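Heads up: the structure comes next, in structure tokens.
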2 protein chains.
Amino acid sequence: MSSALEPVDKAIARELNADGRCSFTDLAARVGLSVSAVHQRVRRLEERGLIKGYTARLDGDQIGLPLTALISLTPTDPAAPDDYPQRLEHIREIEACYSVAGDESYVLLVRVTSPRALEELLRQIREVANVSTRTTVVLSTPFEGRPAPI
Amino acid sequence: MSSALEPVDKAIARELNADGRCSFTDLAARVGLSVSAVHQRVRRLEERGLIKGYTARLDGDQIGLPLTALISLTPTDPAAPDDYPQRLEHIREIEACYSVAGDESYVLLVRVTSPRALEELLRQIREVANVSTRTTVVLSTPFEGRPAPI
DNA sequence: TATGAAATACGTTGTGC
DNA sequence: GCACAACGTATTTCATA
């Protein structure tokens, strides 16, 4: 197994998760280490893949993607090889893809410009992955992307 | 309605969404504007709420939250006032809360340490929000948090 | 809104512990 | 693995167009 996560690294991860643009100077102060030590540790966390990247959280409505949906996938041909994520990866409207336990095989989180765009996206997903879909439209998002409980 | 999104602001949002720690200097070069102009625009996008914040994307396994689940909520008492998000907000294991169209009222995305923690979380959600739950366990995450198609 | 310049703060690397 | 110091670069503000 991978080596245990030290409290300092945990604190660094927590702080950067809550504020991804936090300066190394601030970060150092918050975790009680020198700037260069923090710098070194952040680099290692990035290399390890514990920190997978940094992103600005955007408002869907304001960037022209006001329609969010959850799409559950069921293979049409149960004997087909399970390469669905690969087949779907190039579709940029798909923000996330989860392999799930339950009646269906995958759940996708998608963002589109309009109901028409959703219709077209569903057609594309069914075609490219050979699946049937069940779509749950998101009416509103009380909250999203909250900091992890670490 | 809010004023239309200019191409430059769109580009800024796209770049920061893809790389949240990108420097203003780089950003300026990428969108073809001076550093101070970009600085000004980023501030405005933050104030407008188009940029809601910045975050480091973390690996659930490595931070000790290896179990992800989607939880659908159905109110036990259909006559009760709909203040579910408020009731659930304090539970930090809940990363996102979507109000959805369909058989159920809400879908939650949660991350926990173990099956036992999930069991306890479900108990807590049912108690605090007076709902019944349907849980879909995530087996693996082929991809997540990809950049928005803008 | 944009730019360019000036002052301050920060990132980054090397050295020694 | 950490701290300190030194250098170059980035951020931030302001004056000006």
Side-chain angles (χ1 to χ4, degrees), chain A residues 1-66 145 147-148 150, chain B residues 1-66 145 147-148 150:
Chain A
M1 80 174 254
S2 66
S3 58
L5 189 58
E6 294 173 49
V8 180
D9 287 329
K10 209 179 212 174
I12 290 172
R14 180 171 14 85
E15 294 300 331
L16 284 175
N17 183 235
D19 176 10
R21 269 183 94 80
C22 174
S23 73
F24 286 99
T25 308
D26 281 0
L27 199 51
R30 289 182 204 175
V31 306
L33 229 58
S34 73
V35 174
S36 51
V38 167
H39 197 267
Q40 222 170 53
R41 280 176 180 271
V42 170
R43 274 228 196 298
R44 269 191 22 231
L45 294 175
E46 288 169 355
E47 278 164 18
R48 262 217 247 177
L50 189 147
I51 295 175
K52 295 192 283 185
Y54 303 91
T55 181
R57 291 181 299 109
L58 305 180
D59 181 66
D61 292 341
Q62 293 194 55
I63 58 169
L65 297 168
I150 50 177
Chain B
M1 79 174 255
S2 65
S3 58
L5 189 57
E6 293 173 50
V8 180
D9 286 330
K10 210 179 210 174
I12 290 172
R14 178 169 17 83
E15 294 299 331
L16 285 175
N17 183 236
D19 176 9
R21 270 184 93 80
C22 174
S23 73
F24 287 101
T25 309
D26 282 0
L27 200 52
R30 289 182 205 175
V31 306
L33 228 58
S34 71
V35 173
S36 49
V38 166
H39 197 265
Q40 224 172 78
R41 279 177 181 270
V42 170
R43 278 232 187 297
R44 267 190 27 227
L45 294 175
E46 289 168 356
E47 278 165 18
R48 263 219 244 176
L50 188 146
I51 295 174
K52 295 191 284 185
Y54 303 90
T55 181
R57 290 181 301 109
L58 306 179
D59 181 66
D61 292 342
Q62 293 194 55
I63 58 170
L65 296 168
I150 50 177

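In what follows, every chain begins at residue 1, and chains take the letters A, B, ... in the order their sequences are listed. Scope of the values below: all heavy atoms of this structure, side chains included, with no hydrogens, waters or symmetry mates. The structure displayed is predicted, hence computed values, not measured ones.
With rounding to whole Å, R41(B) atom CZ is found 13 Å from dT3(C) atom C1'. When rounded to the nearest whole Å, the span between CD of Q40(A) and C1' of dT15(C) equals 13 Å. Rounded to an integer number of Å, the gap from L27(A) CG to dG11(C) C1' is 13 Å. Going from atom CG of L33(A) over to atom C1' of dG11(C) covers 16 Å, rounded to whole Å.
Annotation for Q62(B) and R48(A): closest pair NE2-O, 3.1 Å, computed over non-hydrogen atoms. The nearest pair of heavy atoms linking A148(A) to I63(B) is CB-CD1, 4.2 Å. Contact between V31(A) and A11(A) at its shortest, heavy atoms only, is CG1-CB, 3.8 Å. Contact detail for A56(B) and N17(A): the closest heavy-atom pair is O-ND2, 2.8 Å. Residues K52(A) and L58(B) come closest through the heavy atom pair CE-O, 3.3 Å.
Residue contacts shown for A37(A) are limited to sugar-phosphate atoms, with no base heavy atom under 4.0 Å away.
Counting only residues at least two apart or in different chains, salt bridge (charged side-chain N to carboxylate O under 4.0 Å, His left out) contacts with residues 36-45 of chain B comprise E6(B)-R41(B), D9(B)-R41(B), D9(B)-R44(B).
For the pair L5(B) and L50(B), the minimum side-chain heavy-atom distance is below 4.5 Å. Side-chain contact between D19(B) and R30(B) is present, with heavy atoms from C-beta onward closer than 4.5 Å.
Proximity of residues 8-26 of chain B to DNA chain D (heavy atom under 4.0 angstrom from any strand atom) is restricted to S23(B), F24(B), T25(B).
Side-chain to base pairing of S36(A) with dC4(D): one donor and one acceptor N or O lie within less than 3.5 Å of each other.
In this structure, R43(A) reaches the dT13(C) phosphate: one of its side-chain N or O atoms is under 4.0 Å from OP1 or OP2. Between H39(A) and dT12(C) there is a side-chain N or O to OP1 or OP2 distance below 4.0 Å.
Of the candidate nucleotides dA2(C), dC2(D), dT12(C), dC2(D) has the atom nearest to the side chain of S34(A). Comparing dA3(D), dC2(D), dT11(D) against the side chain of V35(B) picks out dT11(D) as the nearest.
Only the P atoms considered, dT11(D) is 16 Å distant from dT13(C), to the nearest whole Å.
A donor-acceptor distance shorter than 3.5 angstrom exists from the side chain of R21(B) to the backbone of C22(A), with no hydrogens or angles considered.
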Dot-bracket pairing map - DNA chain D, Watson-Crick plus G-U, both contacts under 3.5 Å, | cross-strand: ||||||.||||||||||
